[in-house]
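Atoms considered below: every heavy atom in the structure, side chains included; atoms not considered: hydrogens, waters and symmetry mates.
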Amino acid sequence: MEPGPPGSSGPAEPGPCLSAQRGADHAASASLQSAARTEPGRHSLAVAAVLPAGGCGERMGVPTPKQFCPILERPLISYTLQALERVCWIKDIVVAVTGENMEVMKSIIQKYQHERISLVEAGVTRHRSIFSGLKALAEDQLNSKLSKPEVVIIHDAVRPFVEEDVLLKVVTAAKEHGAAGAIRPLVSTVISPSADGCLDHSLERARHRASEMPQAFLFDVIYEAYQQCTDYDLEFGTECLQLALKYCRTKAKLVEGSPDLWKVTYKRDLYAAESIIKEIISQEICVVMDSKEDNKHVGHLLEEVLKSELNHVKVTSEALCHAGRHLQQIILDQCYNFVCVNVMTSDFQETQKLLSMLEESNLSILYPVVVVSVHFLDFKLVPPSQKIENLMHIKEFSKKVKERNILLYGLLISYPQDEQKLQESLRQGAIIIASLVKERNSGLIGQLLIA
């Protein structure tokens, strides 16, 4: 059993909660943490998690095991680890990976600064990998950071969208019943074919459920079940709840899960997961300007148009002055989209200040950060070619910050004296900004777009 390498300096917080209810996460998290301490037995419950990650992903149809397939240039398993790390009452996370992928997994832990992770070598089947993880938790090994938990969560490395409330429900139910698992309604009817390929019988869909992850168990129950099970179970079995029932006579409590529990299985699922992640991290935009004092500042006008056009997105504004204390707090709160308005100073100065702040922070470790450098131009006073030429060095900046996972785009907005025309220019600019934030198109990095 090998502990994962610690990061040199982790982000202030583990990252945004991958949920459509992102705005309520902080309050809900505090409530759930309190419940975790009080509901299961009125004392602090020792909880660990085991993630089998030794599969080769045959159904994915790609050479890379699916748990290591990139989503927004970050391995899928890293998102799942992040989801578990957010839950402060999970003390240890044991990941079972094959020997050939051990170094890959260590590099992922180090690069994305994951914590509380220990690695064990996976078995040739899912059950054998889980058993390896359970053994690491059960054995009192010298120099091991692990200790035997009261309850253990078993989850899939390729289910990145698990939420804390579901984890709490299965842990609480396992504490009371010995075992618990998330379930979902069947989408399709299950049929049993005969030996000659004809229909033998079908199951009544309303009476059956699909077994999902996460599942949770009293550690002694599931460890005993694995110790007693046969080689046939370890080779061909897939259901941990069934092992607890078969060998320990423990009937699992079934907990209704959310639609977010789906498993990345096929290549198309990677695109779906990427779309979900993009949608979630696009829910807030911060407009950054040199000053917030002047209500007529064109940055405020752009902010109001963004609010009007993007009514599903939270739009805020902050100033870069006064050492940017408020802006630094926004960065700590994990806003991943910034619109930097360059008006009062020379062409690119405000954007450079913002980029420096973002590079000093660890915000872009987990998700790509979008920065749209906005510049205004009255085409009647300054030839567009002259302004564009002055801004072409944005390409060089974009190459540099891309190495830090910051996506820099340029936007030139017409600034006519006519108020109606200005509003239309701002509206066109808002549409372009919305598209850049949502799509995070790497092909447009360093480009100067014109509204």
Side-chain angles (χ1 to χ4, degrees), residues 7-16 22 26 72-74 82 111-113 278 280-294 297-300 302-303 306 313-376 390-391 393-413 429 433 436-437 440 442 444-448:
S8 57
S9 60
E13 295 292 338
R22 184 171 182 257
H26 294 297
L72 295 178
E73 300 184 19
R74 178 178 159 201
Q82 180 196 353
K111 180 175 181 178
Y112 299 103
Q113 302 182 0
K278 283 182 176 179
I280 292 162
I281 61 176
S282 301
Q283 294 304 304
E284 182 175 354
I285 297 174
C286 179
V287 180
V288 180
M289 59 194 88
D290 55 353
S291 172
K292 287 192 68 178
E293 303 301 324
D294 183 5
H297 191 292
V298 69
H300 286 296
L302 179 58
E303 178 187 359
L306 282 168
V313 174
K314 178 183 177 183
V315 180
T316 60
S317 64
E318 282 300 336
L320 275 169
C321 56
H322 306 301
R325 287 188 294 271
H326 296 297
L327 181 57
Q328 287 172 349
Q329 186 58 50
I330 287 177
I331 292 173
L332 289 176
D333 289 339
Q334 288 108 36
C335 173
Y336 289 87
N337 310 285
F338 296 87
V339 175
C340 191
V341 179
N342 297 263
V343 174
M344 300 295 290
T345 55
S346 61
D347 292 329
F348 206 60
Q349 193 170 338
E350 302 302 331
T351 299
Q352 286 179 274
K353 290 180 184 177
L354 175 61
L355 291 174
S356 295
M357 292 181 66
L358 292 172
E359 286 186 284
E360 289 173 6
S361 76
N362 287 318
L363 182 68
S364 59
I365 287 176
L366 296 178
Y367 301 98
V369 174
V370 166
V371 175
V372 184
S373 182
V374 178
H375 306 264
F376 291 89
N390 291 341
L391 295 174
H393 55 280
I394 191 173
K395 288 187 177 181
E396 295 305 316
F397 278 102
S398 68
K399 290 177 183 178
K400 176 188 173 187
V401 297
K402 177 63 173 65
E403 296 174 0
R404 297 293 301 272
N405 207 22
I406 299 172
L407 311 183
L408 175 62
Y409 308 94
L411 177 60
L412 187 59
I413 297 179
I433 290 169
L436 293 173
V437 165
R440 284 171 151 72
S442 59
L444 293 177
I445 293 172
Q447 299 296 313
L448 186 61

Closest heavy-atom contact between [X] and [Y]?
X: I331; Y: L363; answer: O-CD1, 3.4 Å
X: I394; Y: G446; answer: CG2-O, 3.5 Å
X: T316; Y: E303; answer: C-OE2, 3.9 Å
X: R74; Y: L366; answer: NH1-O, 2.7 Å
X: R404; Y: S361; answer: NH2-O, 3.7 Å
X: L302; Y: V341; answer: CD2-CG2, 4.2 Å

When you compare the side chain of [Y] with that of [X], does any pair of heavy atoms fall below 4.5 Å?
X: V371; Y: Y409; result: no
X: P368; Y: I406; result: no
X: Q283; Y: K314; result: no
X: Q334; Y: E284; result: no
X: V374; Y: N342; result: no
X: V369; Y: L407; result: no
X: S317; Y: M289; result: yes

In terms of relative ring orientation, are Y367 and Y336 parallel, tilted or perpendicular, with 30° and 60° separating the classes?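 Y367 and Y336: perpendicular rings.
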Return the [atom1] to [atom2] distance between [X] and [Y], rounded to the nearest 0.5 Å.
X: Q447; Y: L408; atom1: CD; atom2: CG; result: 11.0 Å
X: Q349; Y: L320; atom1: CD; atom2: CG; result: 10.0 Å
X: F338; Y: S373; atom1: CZ; atom2: OG; result: 14.0 Å
X: C340; Y: E318; atom1: SG; atom2: CD; result: 12.5 Å
X: S442; Y: K402; atom1: OG; atom2: NZ; result: 6.5 Å
X: I445; Y: S398; atom1: CD1; atom2: OG; result: 7.0 Å

From CA spacing to verdict: side-chain contact (heavy atoms from CB on, under 4.5 Å), F397, Q352: CA-CA 9 Å; F397 278 102; Q352 286 179 274; 3.2 Å; yes
side-chain contact (heavy atoms from CB on, under 4.5 Å) evaluation trace for V288 with E350: CA-CA 8 Å; V288 180; E350 302 302 331; over 6 Å; no
N337 and R440: side chain to side chain donor-acceptor pair (under 3.5 Å), yes or no, with the steps? CA-CA 10 Å; N337 310 285; R440 284 171 151 72; 2.8 Å; yes
Residues in salt bridge (Lys or Arg N to Asp or Glu O under 4.0 Å) contact with K111, at least two apart in sequence or another chain: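 If we apply the salt bridge (Lys or Arg N to Asp or Glu O under 4.0 Å) test to K111, skipping adjacent residues, there are no hits.
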Between the main-chain N or O of V437 and the side-chain N or O of S282, is there a donor-acceptor pair closer than 3.5 Å?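 Flag set: sc S282 to bb V437 pair under 3.5 Å.
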Neighbour count >12 (heavy atoms, 6.0 Å) for atom NZ, K278: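 Yes - once you tally the heavy atoms of other residues, nucleotides and ligands closer than 6.0 Å, there are more than 12.
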Yes or no on side-chain contact (heavy atoms from CB on, under 4.5 Å) for N405 and I365, after CA distance, side-chain angles and deciding distance? CA-CA 7 Å; N405 207 22; I365 287 176; over 6 Å; no
